[in-house]
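Counting starts at 1 for both ligands and their atoms, in listed order. Side chains included, hydrogens not; waters and symmetry mates left out as well; all remaining heavy atoms used.
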Amino acid sequence: MGFRKDFLWGGATAANQCEGGYDKDGRGLANVDVVPIGKDRFPVISGQKKMFEFDDEHFYPAKEAIDMYTHYKEDIALFAEMGFKTYRLSIAWSRIFPKGDETEPNEEGLKFYEDMFKECKKHGIEPLVTITHFDCPMHLVEKYGAWRSRELVGFYENLCNVIFKRYKGLVKYWLTFNEINMILHAPFMGAGLYFEEGDDVEQIKFQAAHHELVASAIATKIAHEVDPENQVGCMLAAGAYYPYSPKPEDVWASRSDDRENYFFIDVQSRGEYPAYALKEMERKGIEIKMEEGDKELLKAHTVDFISFSYYSSRVSTTDPELLEQTEGNIFASVKNPYLEASEWGWQIDPLGLRITMNDIYDRYQKPLFIVENGLGAVDTPDENGYVEDDYRIDYLAAHVQAMRDAVDEDGVDLLGYTTWGCIDLVSAGTGEMKKRYGFIYVDRDNEGNGTLKRSKKKSFDWYKKVIETNGEDLSN
Ligand code: BG6
């Protein structure tokens with residue numbers, strides 16, 4: 001048994017966290033560029049604090065990131081050396097449409113990704129492309145209020161038309177929106193949403209989510225029309241919620257928390273708003289404005305596979321004292337007393353991956369793709385940039401084993417696995433470089449110092465062996 005013969009092993013990155021070159025070759029400014037590192041980051045990514053322009057007091061890590069914009073050949077060659085079958089990357093919308101609402105794309109931006117995909121193909125690597133990984137052109141944020149406006153659907157459709165045609169034959173696997181449920185948890189980072197005083201935040205978030213869901217269905221439709229070979233997936237920030245105790249109220253809380261996230265995938269995979277979500281919106285007084293034909297679009301153009309990120313399971317409770325602990329986190333979760341946690345407090349739970357895979361597979365019965373998983377940790381390199389990252393190897397080995405159990409023991413159909421941040425990059429949550437996930441160390445720190453030199457960590461050779469043996473040999 002084991003993983004399928006054509007299992008897609010690889011790694012994942014996002015444009016805004018690795019490319020840099022924020023103003024190169026006609027690229028426009030995006031929401032993800034103006035998010036600083038430091039204490040203002042959370043208020044900004046959650047849409048509570050307005051910082052639409054750069055200032056001198058803050059450092060903006062996405063501006064240069066790890067400069068993959070100029071290092072991509074070297075980086076892809078390293079991925080190839082590990083034996084990657086696939087590389088998940090995202091397109092920066094504002095490279096292709098700098099403002100977002102133009103009719104003609106920016107040729108230099110299009111060419112950049114074409115070269116990148118060709119470079120992947122040259123090494124036998126299948127690109128897996130996220131159309132939007134948290135980014136939205138700033139012009140669309142300022143002029144239209146980003147995804148709160150229906151007009152974004154049309155602009156996104158233009159983007160899709162252009163990229164599906166241009167990259168036909170080069171790209172086959174597409175994801176429409178990275179972690180689409182992030183719109184509820186970090187609405188500015190996830191969807192360019194900023195809230196003024198007096199705004200009906202819930203109404204705006206769910207209306208914007210509807211726009212993204214319709215845009216996702218349209219993207220799926222165009223992808224299939226342009227090339228029937230195209231495979232389109234949705235993407236969920238996953239991680240099963242456990243009840244803190246067997247108290248029925250805690251169990252119910254965990255179900256409700258799960259549903260809050262599954263809602264998006266229910267629409268993208270089953271093609272309609274689930275009854276529980278309609279009831280919840282009714283209770284909250286949320287009214288989704290739908291246009292004629294929206295329901296039919298959602299129903300007719302569901303995704304081919306379900307992709308998700310998994311870092312940790314989560315815990316739900318109704319205990320007010322415990323609930324207090326969860327404030328200020330992107331995803332609310334109480335500490336699980338049975339689990340160890342990373343240096344950033346992310347609880348480590350490989351069995352939780354198997355549970356999550358089973359939950360999702362039972363629910364949708366479509367092939368799964370794990371497109372993010374990994375350990376963010378502080379690495380200490382020697383003078384050659386070599387890191388003995390046994391902690392990362394242990395984390396990944398345990399998760400690959402759990403995913404193998406889900407395949408072998410439970411019969412889950414899994415297409416592939418791309419670890420997050422296969423090369424060190426900027427953290428989305430904190431903006432730090434110090435929170436590293438990679439097999440490849442990049443010499444750069446939180447303040448932007450460093451040579452940007454790439455070097456292999458111990459996990460580089462370990463992952464190479466895992467891929468070579470199709471996941472049979474996980475030993476360190
Ligand atoms: C996911 C995102 O939420 O988790 C990535 O899709 C992100 O963009 C990753 O980087 C890890 O989170 P963080 O905050 O450690 O970068």
F54 six-ring centre to K63 NZ/CZ under 6.0 Å and within 45° of normal
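The answer is yes, since K63 meets both limits relative to F54.
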Would you tabulate the side-chain donor-acceptor contacts of residues 28-38 under 3.5 Å, counting partners in other chains and residues two or more places apart, or write 'none'?
from	atom 1	to	atom 2	distance (Å)
N31	OD1	C136	N	2.8
N31	ND2	F134	O	3.0
N31	ND2	F188	O	3.0
N31	ND2	M189	O	3.4
D33	OD1	R27	NH2	3.2
D33	OD2	R27	NH1	2.9
D33	OD2	A30	N	2.7

E432 and W344 side chains, donor-acceptor separation under 3.5 Å:
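A donor-acceptor contact under 3.5 Å links the two side chains.
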For residues D67 and T70, is any side-chain donor paired with an opposing acceptor at under 3.5 Å?
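The answer is yes; a qualifying pair exists.
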Close residues, ligand 1: non-hydrogen atom nearer than 4.0 Å:
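Only Q17, H133, F134, N178, E179, M182, Y311, W346, E372, W420, S427, A428, G429, K435, Y437 have heavy atoms that fall under 4.0 Å of ligand 1, ordered by chain and number.
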For R363, is the CZ atom crowded, meaning more than 12 foreign heavy atoms sit under 6.0 Å from it?
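Yes, enclosed.
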Taking the six-membered ring for Trp and the single ring otherwise, decide whether the centroids of Y417 and F369 are under 6.0 Å apart.
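Ring-ring flag for Y417/F369: false, centres at least 6.0 Å apart.
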